[in-house]
Amino acid sequence: MVFDYLDGGAESERGLHRNLKAFAAINFAPRRLVDVSQRSSSVSLFGRTLPTPFVVAPTGLNGALWPDGDVALARAARSAGIPFVLSTASNATIEDVAERAGGDLWFQLYVVQRDLAQQLVRRAKDAGYRVLVLTVDVAVNGRRERDLRNGFAIPFRQTRRSVLDAVTHPRWALNQIRHGLPQLANFARPDATDVNAQAALMRRQMDASFCWEDLQALRDAWPGILIVKGIMTSTDARRCRELGVDAVVLSNHGGRQIEDVPAPIDLLAEISNQNAMPPLLVDGGIRRGADAVKALALGAKAVLLGRAILYGLAAAGEQGASHVLEILTAEVDTTLALVGCPEAERLDRQFIQL
């Protein structure tokens with residue numbers, strides 16, 4: 001059931017597969033007789049230079065994949081010199097990740113309850129998180145049929161099916177028992193409000209009334225860099241810029257919310273070519289370093305890694321996550337050489353076959 005939670009998507013999973021197919025449909029237009037003996041995969045993002053064009057995306061319930069999964073991911077990101085985005089639905093607290101992992105920390109906000117959201121934002125600011133990422137594509141929970149079939153929930157429900165599942169995966173089960181079953185750490189207080197918030201977050205029952213005026217209020221309240229994640233149209237991207245948002249993430253939530261929408265990489269090609277757009281990041285379907293190179297060539301400033309790095313985390317914890325980043329980084333370097341572009345920041349549409 002844990003693998004299905006990681007691997008699955010909404011409904012028939014057409015959106016999940018569309019994300020992958022969209023990258024496969026993009027071909028390079030390599031440039032030849034270019035000196036690529038010296039290469040750089042670094043990109044500039046919000047005044048800092050990242051050695052590779054990756055950001056570890058916000059993903060919830062990482063403790064179900066590996067004990068202390070959020071801290072392990074944050075440490076892998078710190079070792080790679082890239083940002084880590086902690087989810088509201090994390091199994092480690094905002095403060096715990098800051099203290100035990102450090103690095104370039106961003107915080108992703110789900111607005112479940114207004115007062116609670118304000119508390120989380122204050123905690124992130126006090127703990128030194130540099131960037132706030134507001135996710136706006138979860139007004140209600142998408143229908144993830146694998147999770148519904150398995151009865152996946154935090155805390156884990158003890159049913160005949162789930163017990164049999166755990167027994168047949170003894171290493172995972174023993175690790176969970178040894179380290180303690182995961183909980184929604186940022187809500188793990190005994191008062192009723194937090195209990196209700198945990199239940200709402202697991203069901204993705206967000207504050208569906210949150211609108212543009214509320215985004216403006218959040219922009220006014222947050223002094224640092226603000227990103228809006230889940231944008232799917234140029235109209236919304238442009239309005240974010242008008243409200244002072246620093247960047248947007250083109251995202252369909254990895255195909256986990258609504259399945260019949262375009263792949264973000266296809267939107268990137270369209271939106272990045274328009275005027276008055278904020279800086280664009282993209283996620284969804286990135287499995288190879290070549291995918292990141294395609295995104296940069298089509299106008300992205302960086303890409304967010306979700307499932308790709310989570311497979312590594314689930315296999316071998318921090319070491320597995322770091323290994324995934326090493327593989328993807330090497331692939332970016334190889335791709336730059338083979339398309340004839342010595343620097344990632346020099347990528348543009350001339351390297352894509354249009």
Side-chain angles (χ1 to χ4, degrees), residues 9-11 13-31 43-46 53-55 57-58 133-139 142 212 215 226-308 332 335-336 339 341 344-354:
E11 300 183 8
E13 301 187 346
R14 288 192 296 264
L16 188 159
H17 297 299
R18 186 179 296 112
N19 286 352
L20 297 171
K21 291 177 181 177
F23 276 103
I26 299 171
N27 291 317
F28 289 112
R31 294 295 182 259
V43 296
S44 297
L45 187 64
F46 304 134
F54 300 116
V55 174
V133 180
L134 173 70
T135 295
V136 295
D137 57 2
V138 190
W212 290 105
L215 174 59
L226 176 64
I227 298 175
V228 174
K229 180 177 180 290
I231 296 299
M232 294 290 286
T233 68
S234 59
T235 300
D236 285 350
R238 189 175 291 109
R239 189 163 185 184
C240 284
R241 179 175 180 176
E242 292 170 354
L243 292 179
V245 170
D246 296 288
V248 302
V249 181
L250 303 180
S251 173
N252 61 14
H253 216 97
R256 293 167 71 81
Q257 283 298 105
I258 181 171
E259 62 178 349
D260 291 327
V261 291
I265 190 65
D266 288 338
L267 293 174
L268 175 65
E270 171 192 343
I271 295 175
S272 65
N273 206 30
Q274 300 186 26
N275 295 324
M277 289 296 115
L280 302 174
L281 292 82
V282 68
D283 70 3
I286 297 161
R287 299 291 188 274
R288 292 283 186 177
D291 297 335
V293 173
K294 292 174 182 179
L296 295 180
L298 290 171
K301 297 297 184 182
V303 301
L304 277 69
L305 296 176
R307 285 186 181 88
V332 169
T335 305
L336 289 176
V339 301
C341 184
E345 291 209 312
R346 290 166 56 181
L347 287 164
D348 58 25
R349 294 190 183 214
Q350 71 169 315
F351 294 98
I352 299 296
Q353 189 178 74
L354 300 175

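Keep in mind that what you see is a predicted model, and the values were worked out from it rather than measured.
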*Does the pair Asp260/Arg14 count as a salt bridge with the N-to-O cut at 4.0 Å?*
yes
*Is a side-chain N or O of Gln257 found less than 3.5 angstrom from the main chain of Gly142, in a donor-acceptor match?*
yes
*asked:* Is there a side-chain contact between Thr335 and Lys294 in this structure, where contact means two heavy atoms from C-beta onward sitting under 4.5 Å apart?
replied: no
*asked:* With a 3.5 Å distance limit and no angle check, can you tell me whether Glu259 reaches the backbone of Gly9 through a side-chain donor-acceptor pair?
replied: no
*Using distance alone, with no hydrogens and no angle criterion, decide if Ser234 and Glu270 have a side-chain donor and acceptor under 3.5 Å apart.*
no
*asked:* As an exercise, state the distance from CG of Leu305 to CZ of Phe54, rounded to the nearest 0.5 Å.
replied: 5.5 Å
_Heavy-atom side-chain contact between Arg239 and Glu242 under 4.5 Å_ = yes
*Say you draw a straight line from CG of Leu280 to CD1 of Ile227; how long is it, rounded to the nearest 0.5 Å?*
11.0 Å
*asked:* Let me confirm one number: the CG-CG distance from Leu134 to Leu226, rounded to the nearest 0.5 Å.
replied: 6.5 Å
_Option among Asp283, Leu16, Ile286, Asn19 that satisfies the side chain to side chain contact (heavy atoms under 4.5 Å, CB included) test with Arg307_ = Leu16
*Give, for atom CG of Leu296 and atom NZ of Lys301, the distance between the pair rounded to the nearest 0.5 Å.*
9.5 Å
*What residue among Leu281, Thr233, Asp266, Ile271 forms side chain to side chain contact (heavy atoms under 4.5 Å, CB included) with Leu250?*
Ile271
*Arg287 atom CZ, over 12 foreign heavy atoms within 6.0 Å*: yes
